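Before I ask anything, here is the structure I am working with.
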2 protein chains.
Amino acid sequence: MRSGDGVDLTEAEFFRALSASQLARIASQVIEKPFARGRVLFFEGQPAEYLWAIRRGAVRQYKGSADGHVTTLEVLGPGEIFGAVSALEEGNYPASAEGVSEGVAWCLKRNAFLKMLAEEPWLTVEVLRVVSHRLHDARERVRSFAHDPAPTRLAQALMRATRDGEARVTRRDLAEAAGTTVETAIRVLRNFERDQIIEGKVGRVRVLDEPALSEIAGSSRS
Amino acid sequence: MRSGDGVDLTEAEFFRALSASQLARIASQVIEKPFARGRVLFFEGQPAEYLWAIRRGAVRQYKGSADGHVTTLEVLGPGEIFGAVSALEEGNYPASAEGVSEGVAWCLKRNAFLKMLAEEPWLTVEVLRVVSHRLHDARERVRSFAHDPAPTRLAQALMRATRDGEARVTRRDLAEAAGTTVETAIRVLRNFERDQIIEGKVGRVRVLDEPALSEIAGSSRS
DNA sequence: CTCATCATATGACCCGGATCATACCTGAGT
DNA sequence: ACTCAGGTATGATCCGGGTCATATGATGAG
């Protein structure tokens with residue numbers, strides 16, 4: 001909506017570690033791709049062509065299952081990079097990516113990215129930092145998905161999606177992030193609403209009682 | 001059992017990327033810690049003191065939940081490193097580690113590890129490679145835990161644990177790796193046994209029909 | 001050899017949540 | 001204004017699998 005919403009390339013993960021001269025050199029090779037809500041940036045299994053970074057808006061990475069279920073792995077916002085690992089290694093995206101809102105992404109050709117890393121190996125530390133953090137998150141989610149009940153996982157997903165007390169997500173978005181169904185997401189959110197914890201609207205959720213939500217997200221409930 | 005079971009330091013992740021001179025220099029700082037089955041190497045939340053590598057045997061990383069459930073995140077074998085991310089970053093282990101079998105681990109002090117990385121930044125690529133692979137696995141497990149039924153997850157856990165047609169694991173081990181309960185693991189494995197897919201013993205499982213098991217592990221079952 | 005401990009095994013029960021069906025609401029496009 | 005797709009809502013039903021109880025077989029320590 002408001003246009004000053006995004007970040008500068010110098011603030012983005014990886015790029016912010018570049019010196020001014022390096023950045024100047026690489027900036028010309030970075031192209032911008034606007035995307036709409038729901039627009040797929042790449043599909044799982046496609047050869048990794050770019051390193052991506054988000055200038056404005058949000059992108060989710062997700063995986064589909066054989067039975068038609070979709071699971072959101074992570075939702076990324078301005079300044080966050082993705083596709084780095086695949087660009088670095090095997091050459092195939094391990095998950096699909098699509099716009100959660102409209103926005104703009106930066107793309108850096110795989111080769112340019114690799115060349116930069118070869119020239120300045122310590123830049124790898126920056127990438128490693130990002131990947132490490134994602135690994136930490138993914139593991140925590142494995143633990144949560146292993147035993148936590150749906151309300152707990154939905155509370156977590158809701159909290160992750162909340163900015164300034166409000167989350168711009170549909171019940172389906174939350175269901176796919178929490179590994180459950182739309183119907184369950186709706187029912188659970190209605191209960192939260194009954195308990196004055198949230199206020200539900202179409203396409204968004206307002207958090208009224210953040211501590212209570214946090215309590216539910218923190219597992220171990222009766 | 002047989003003593004030639006382990007690997008050499010030059011074959012271990014990270015260390016194998018070192019030059020002969022670097023290895024010689026660091027080898028004196030690497031200490032060996034034998035461990036028994038079930039012996040905890042470190043607990044979640046403790047300050048990360050070492051970079052670990054496995055010389056012989058197997059180690060699992062796991063997380064506990066408030067409700068007492070334990071979830072195995074990954075099982076590592078000879079040559080594989082762990083604790084690297086925590087040694088590199090925050091300074092706290094994000095998960096606990098314990099011996100799955102008896103064995104021997106190498107430990108390199110955090111500072112020595114960081115010093116080596118600072119001297120030879122491209123070594124970070126080696127670490128990044130490892131972490132990337134773990135991230136890929138963790139995400140796939142998030143997807144699986146989100147929707148796959150218990151038999152599918154148990155088949156996956158069983159296949160991961162199998163070496164040469166046999167897995168040296170208890171039903172509890174499999175349950176914790178698959179995010180289910182011991183009772184369910186037992187029942188499901190009994191069904192596999194009824195279907196001539198496996199042969200169950202105490203503390204180990206022999207795989208008779210690997211294709212059938214693979215089929216079940218591949219999600220989408222009726 | 002004996003005992004304590006853990007692994008395996010099985011039945012009974014129940015509940016969370018998936019599935020299926022249906023309906024209303026809301027916003028965007030023609 | 002009308003239509004239509006997607007979001008929200010709710011009930012009915014069913015079942016996978018968690019929980020509890022109990023029993024026996026294997027194993028290692030003393």
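Chain naming here is simple, since letters A, B, ... match the order of the sequence lines and numbering starts at 1 in each. Just so it is clear, the model here is predicted, and its values are computed rather than measured.
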>> Quick check for you: to the nearest 0.5 Å, what is the distance between B:Asp148 atom CG and B:Ile216 atom CD1?
In response: 12.5 Å

> How about B:Phe42 and B:Trp52: are their ring centres within less than 6.0 Å of each other?
Replying inline: yes

>> In whole Å, I'd like the distance from the CZ atom of B:Arg37 to the P atom of C:dC6.
In response: 12 Å

>> Quick check for you: to the nearest 0.5 Å, what is the distance between B:Glu98 atom CD and B:Leu41 atom CG?
In response: 8.5 Å

> Can you check the B:Leu189 CG to C:dA9 C1' distance for me, whole Å?
Replying inline: 12 Å

>> Under 4.0 Å, heavy atoms only, any strand: does A:Gly200 hit a base, just the sugar-phosphate, or nothing?
In response: nothing

> Of the options A:Leu158, A:Thr180, A:Leu154, which is the one that meets A:Val188 in a side-chain contact (heavy atoms from CB on, under 4.5 Å)?
Replying inline: A:Leu154

> So, is B:Arg190 close to the C:dT8 phosphate, meaning a side-chain N or O under 4.0 Å from OP1 or OP2?
Replying inline: no

> Between B:His136 and B:His133, how do the two ring planes meet: parallel, tilted or perpendicular, split at 30° and 60°?
Replying inline: parallel

> Should the pair B:Arg60 and B:Tyr62 be classed as cation-pi, given the thresholds of under 6.0 Å to the six-membered ring centre and 45° from the axis?
Replying inline: yes

>> Using whole Å, what does the distance between atom C1' of nucleotide D:dG16 and atom CG of B:Asn191 come to?
In response: 12 Å

> Do any side-chain nitrogens or oxygens of A:Arg172 fall under 4.0 Å of OP1 or OP2 in D:dG7?
Replying inline: yes

>> Between the opening five pairs and the closing five pairs of the helix from C:dC1-D:dG30 to C:dT30-D:dA1, how far apart are the helix axes, to 10°?
In response: 50°

>> Measure CD1/B:Ile186 against P/D:dT22 and give the value in whole Å, please.
In response: 17 Å

>> Whether the side chain of A:Arg55 engages the backbone of A:Ala105 through a donor-acceptor N/O pair (distance < 3.5 Å, no angle test) should be reported.
In response: no

>> Working to the nearest 0.5 angstrom, can you tell me the gap between A:Lys63 NZ and A:Leu73 CG?
In response: 7.0 Å

>> In this structure, how many angstroms lie between the P atom of D:dG16 and the CG atom of B:Leu154, rounded?
In response: 15 Å

> Does the side chain of A:Gln61 pick up a donor-acceptor pair with the side chain of A:Ser96 at under 3.5 Å?
Replying inline: no

> Does D:dG7 have OP1 or OP2 sitting under 4.0 Å from an N or O in the side chain of A:Arg171?
Replying inline: no

> Quick one: what's the B/S/- string for nucleotides 13-30 of chain C, heavy-atom cutoff under 4.0 Å, read 5' to 3'?
Replying inline: ----SSBB----------

